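Reading through the structure tokens given below for one structure.
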Amino acid sequence: MAVSEEECSSAKSGPSSFSSASRYYLSKCVLRGSVVLQVLYAHIRSPSSNDIVFGKETSIELVVIEDDGNVQSVCDQPVFGTIKDLAILPWNEKFRARDPQLWGKDLLVATSDSGKLSLLTFCNEMHRFVSVTHIQMSNPGNPMDLPGRKLAVDSSGCFIASSAYEDRLALFSMSMSSGDIIDERIVYPSESDGTASSSRSIHRTSIRGTIWSICFISQDSRQPSKEHNPVLAVIINRRGALQNELLLLEWNVKAHKIFVISQYAEAGPLAYDIVEVPNSRGLAFLFRTGDVLLMDLRDHHNPSCVYKTNLNILPNAMEEQTYVEDSCKLHDVDDERFNVAACALLELSDYDPMCIDSDNGGANSGYKYICSWSWEPENNRDPRMIFCVDTGEFFMIEVLFDSEGPKVNLSECLYKGLPCKALLWVEGGYVAALVEMGDGVVLKLEDGRLCYTNPIQNIAPILDMAVVDYRDEKHDQMFACCGVAPEGSLRIIRNGINVENLLRTASIYQGVTGTWTVRMKITDSHHSFLVLSFVEETRILSVGLSFTDVTDSVGFEPNVCTLACGLVTDGVLVQIHRYTVKLCLPTKAAHSEGIPLSSPISKSWSPDNVSISLGAVGHNFIVVSTSNPCFLFILGVRFLSSYEYEIYEMQHLVLQNELSCISIPGQEIEQKPSNSSISSNNSSISSFQSGVDINKTFVIGTHRPSVEIWFFAPGGGITVVACGTISLTNTIGTAISGCVPQDVRLVFVDKYYVVAGLRNGMLLRFEWPVEPCPSSPINMVDTALSSINLVNSASNAFDMRNDLPLTLQLIAIRRIGITPVFLVPLGDTLDADIIALSDRPWLLHSARHSLSYTSISFQPSTHVTPVCSVECPKGILFVAENCLHLVEMVHSKRLNMQKFHLEGTPRKVLYHDESKMLLVMRTELNCGTCLSDICCVDPLSGSVLSSFRLELGETGKSMELVRVGSEQVLVVGTSLSSGPAVMPSGEAESCKGRLLVLCLVHVQNSDSGSMTFCSKAGSSSQKTSPFHEIVSYAPEQLSSSSLGSSPDDNSSDGIKLDENEVWQFRLAYARKWQGVVFKICPYLDRYFLASAGNTFYVCGFLNDNPQRVRRYAMGRTHHMITSLSAHFTRIAVGDCRDGIILFSYHEESRKLEQLCCDPSRRLVADCILMDADTAVVSDRKGGIAILCSNHLEDNASTECNMTLSCAYFMAEIALSVQKGSYSYRLPADDVLQGGNGPKTNVDSLQNTIIASTLLGSIMIFIPLSREEYELLEAVQERLIVHQLTAPVLGNDHNEFRSRETRGGVPKILDGDVLTQFLELTSMQQEMILSSEPPDIAKPSLKPLLSPHVSVNQVVQLLERVHYALN
């Protein structure tokens, strides 16, 4: 029997004090869950965008399917609640006409545990969903008899319905006038009706029972208005009934009443879903186990079945395609965590977390049933549906209309794979098929068949993880056991944007000062040349299959350091170095479009008696500047005759302030709708500036310091279009040094703005003023311009516009490092994303609000340039550690990870330092009589190098590496029974298990053919290429079944496995135990702990002999032990029902002493000891808690003396909790840090917590100092109530994060809420900090933040976290 909710959460004693054991933590989700429960298709971002919405229980992800079938994520937004259902409210011009921001866009309708019906729209400026309105339907939580469980929306967008789990539903009508978006609502039955009828018998005119499905039945589609009363179809299961009924309900809007107008029930299989046929005005499919009925509901009072399709005699299925297995049903697993995983992946199933090994409720009847379906988009004639049955077969069903009535046409089997949780048919013939516990797929309908195109990554559930600094890389990576059989896999998870390493040279490129890629023609889609500048040399390489040196054929000066270069016009290249601007015409030897001469043609221009310091090359003009004296030259290129050009001087200016950088904007392009960037409003796209040609504009940074935009008219004057002064101070009011711009870029996405990278590692964003006001004519002090000395006449050198220059507004300030920030656009257009290169590479998202950037999963680099070739259209060349690295950013991957497909279900992973191998425990194998094994996996290739198979019927449960003397052995716990290990009551089953000790031995393999090795591609390069000793990362070297995997980024590093060496397992000890050996934990470097049932033992090796294991002490708990952890002498034992119990082992007496226990009855999933007095425990209700023992006293009670220090409700079950080492300090002390700011105890930063969940999320909990906690707590209290950052589904954030926790417990700060502060503009940040805290905030919270707390101080602290986590 299961434990009641009250019993699970009740305390064993009264409340305890929390002040004596304070711990301060901040949580941050570094990888959001990947389980998709709902998938929708609509025009979300604009009327022309084709967007896909993934509902993922705790987050909403907006994605698009590109033309090549790749799924690209647009945004993944936490909702700070639990989603129950999602639906699309289609645009209807008769409604919502009052709000121009919503014109033509579909709305997202959501129900959640907030108890509210939420209407959401996508804000392109904020790059996230925002709420339009909330309608309260019930109290927060999951009430059974109040609406909010399921959603249905009328196809015309007039009505919304929401049903409860049982007995009740609500209907809403959309408003046609200004005011509230919803004007009418009704609940059926009403509270009075429900109370009055509760004592009467159930009759046909009620909806008493469990509501399985609801959908609207359309009427006259030619009149999509509220003239007709809406009709709702409901499938209901009466209490005690064996069959479900179909009810039709009509809402008389004028009378404000709902009536049950008809009922349909037919003897036969169980009906479970009702789906309206689009554009049919009254037809619907009734899904039943074993068949599908086409229902004619046009006469609402007399529903009838017009066509029946038997699913058990479907056409023969084709052979299963791609990587999926023949059998796709989940096996009866014997570990409780898998059944919990299955429950967690259901749509908010109400289940007792302790019923973890119960049966699935009934035997398989053998009938096929439809588990997912999707209609063809934009089909207004003969509707077609693709559906998937529970055997993984895909079919198409078409509804045809003729004079005899509707008919159904069923296709042959289109595809066979895994059974899908959800299907979505989108434009272009693509079908997204989502699987619960494995990767989904993108299929394409071609020639009557569905063909595999790309994977949709899903790493859930994460059953175990190991965080490893593999081969001393610059950043950690995580090895995770993901999925279940047949989709079990080992994943290597990294943060940031994934890159695929394509080429890497030897470390022979010392002294690189610059890199550029150049096209031969402006209209070329690929680059032609790669220019490398050194301290005293310049080399040019052709871009293609091989990088060949063509310096002599291009004409650049080879023995100088190039400052800048580029294409000035078709076929004409320009090199700028210290003394000369050189114009070159390459020959055919360098490029097929070159001149047909033996040597290149070149022309030069040099300033008089002064050297060039900066330069930039644009279309038909060149800009160079000098220092001491400060001059600016604008040069033009004139065509004289065939192969004859000259450089001439158009402008010559004397500057007051020395320039620090120059950039010429890319070509302005027409804004057109795209999948990745959608304009929020076409009317917002305005011209650059009235009378200013963007193609004659350049941006400069000065030593003043300032950022300025200049425009020149050929033969005319200079106009300073806009100017932004850089004046930054720290928290104590001192000016920050090093604010000189290192690089500047002009960007246009919906509006123009300027990004500046400073020499002190800071990043700035300037925007045009919202309402530009006329300013006085520019004076010589305000800009870099001092005097004009034009070649022609000085009178027209400067355009005295009354409305210019505009004063640029500083919108956002970020620090991304301490070294100068270089900005390198990934394309030639103004809307291209930008690589921001400082201490490490970041990708700056140009389409985002404020400054939004993501780390690139690559090592720190000094230079970078995009490389576009036929073979590598999205290549990027990094210069790092004197090597050239050609990589490609994999935007097609929603998740940055590498997949190694493994047979069975991987349950445990360890990293073996000596062999540099992964040790993986697998279950549910299909290898003859072997169901489970422990294998040695190569982390480079995913190849299984050796394996130790368990006995017939034996299943692995746990394993750990334990030290024996100077060596390590693998201690394994198993179960000899195929049944569950624990009863629903929490008591252990009477099963037996084994304890095994395996030695990992390094042996020489004389027979090279007897083993399978991972062989790496050899080093090879063309003789003409300067890329010597290139290491190739070929995808073919990965596991052949690893679809969608990518090569490792830095882990290979030229290391090749010796094919004559192998690590093998040798059994040293084996013994049967009374009980399943469920958990193992190393202890004190010479012992280990092992649990069996509700008993755990302290074990050791006699005389350091792995063949002699001895039990020294024994301890017991009331229920099954699900976790063990140790820190020095302290032992934490997790009782699956009673929470955490602390023990200590006395070596002299060989006895265990119970010290203290959990103050609450907790359903323990995992636990970890951070130190001798602090335990972290995750429970099976989705919470995580930090318990303290308050430095145990001699007279402390052993029953209840642990203190709940802080808690956090994740809404996801964490099966694995580990301790991490982490520091969020920048590489050096932050210059923004003032004397009054919070100080960080760096020593405490080594105690972070890493948790992985069943839904595929990874959470990190970061310790904070008290000062940092109080500062961020005050900020969070303001963010959770501000309209821009409040929970999007209307949840009370404090109530949500404190669920399953007693009142008064300090909370862990929510890093996902606080990160939103970085997405706001400086003005919005100031507004939030100066606002009053909410009334519900705790009394100790200061009403206003301290006056000395600035935006910079808050941003600085949050950026440190963001910097380190990325």
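What you are looking at is a predicted structure, and each value in this text was computed from that prediction instead of being measured. Hydrogens, waters and symmetry mates play no part in the numbers below; they use all other heavy atoms, side chains included.
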Side chains of [X] and [Y] in contact at under 4.5 Å (non-hydrogen atoms):
X	Y	answer
Pro841	Val864	no
Phe529	Met520	yes
Ser553	Thr587	yes
Cys883	Thr505	yes
Tyr645	Ile601	no

Angle class for the Tyr509/Phe534 ring planes (parallel below 30°, perpendicular above 60°, tilted otherwise)?
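Geometry flag for Phe534 against Tyr509: parallel rings.
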
From [X] [atom1] over to [Y] [atom2], what is the distance, rounded to the nearest 0.5 angstrom?
X	Y	atom1	atom2	value
Leu844	Asp833	CG	CG	7.5 Å
Gln575	Ser533	CD	OG	8.5 Å
Leu728	Ile736	CG	CD1	5.0 Å
Ile497	Met889	CD1	CE	5.5 Å
Leu837	Gln742	CG	CD	10.5 Å
Arg504	Leu884	CZ	CG	11.0 Å

Closest contact, heavy atoms only, Ser857 versus Val499
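So the two residues come closest at O-CG2, 3.2 Å.
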
Closest heavy-atom pair and its distance - Val581, Ile647:
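Answer, listing the atom of Val581 first, then Ile647: O-CD1, 3.6 Å.
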
Can you list every pair that meets salt bridge (Lys or Arg N to Asp or Glu O under 4.0 Å) and has a residue in residues 553-572, with sequence neighbours left out?
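For residues 553-572, and leaving out neighbouring residues, the salt bridge (Lys or Arg N to Asp or Glu O under 4.0 Å) pairs sorted by first residue read Glu557-Lys582.
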
Enumerate the salt bridge (Lys or Arg N to Asp or Glu O under 4.0 Å) contacts for residues 619-636, please, sequence neighbours excluded, ordered by first and then second residue.
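For residues 619-636, and leaving out neighbouring residues, there are no salt bridge (Lys or Arg N to Asp or Glu O under 4.0 Å) pairs at all.
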
Who are the salt bridge (charged side-chain N to carboxylate O under 4.0 Å, His left out) partners of Lys603, not counting sequence neighbours?
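Listed in chain order: Glu644.
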
Glu536: which residues meet the salt bridge (charged side-chain N to carboxylate O under 4.0 Å, His left out) condition with it, sequence neighbours left out?
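By the salt bridge (charged side-chain N to carboxylate O under 4.0 Å, His left out) rule, Glu536 matches no residue at all.
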
Please determine whether a side-chain nitrogen of the Lys or Arg among Lys874 and Glu888 lies less than 4.0 Å from a carboxylate oxygen of the Asp or Glu.
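A salt bridge is absent here (no side-chain N lies under 4.0 Å from a carboxylate O).
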
Results of ring pair (Phe, Tyr, Trp, His ring centres under 6.0 Å) for Trp605 - residues two or more places apart only:
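Once residues adjacent in sequence are excluded, the partners of Trp605 under the ring pair (Phe, Tyr, Trp, His ring centres under 6.0 Å) criterion are Phe633.
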
Among residues at least two apart in sequence or on other chains, which ones pass ring pair (Phe, Tyr, Trp, His ring centres under 6.0 Å) with Tyr753?
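With sequence neighbours excluded, Tyr753 shows a ring pair (Phe, Tyr, Trp, His ring centres under 6.0 Å) to no residue whatsoever.
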
Is it the case that Thr562 and Thr538 place a side-chain donor and acceptor less than 3.5 Å from each other?
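Indeed, the side chains of Thr562 and Thr538 share at least one donor-acceptor pair under 3.5 Å.
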
Can you find a side-chain donor-acceptor pair between His591 and Ser528 that sits under 3.5 Å?
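Ser528 and His591 do have a side-chain donor-acceptor pair below 3.5 Å.
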
After noting the C-alpha distance and the side-chain angles of Thr580 and Ser606, does the key distance pass the side chain to side chain donor-acceptor pair (under 3.5 Å) rule?
CA-CA 5 Å; Thr580 303; Ser606 301; 3.2 Å; yes

Using a 3.5 Å distance criterion without hydrogens, assess whether the side chain of Glu1359 forms a donor-acceptor pair with backbone atoms of Arg815.
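Checked: pair present.
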
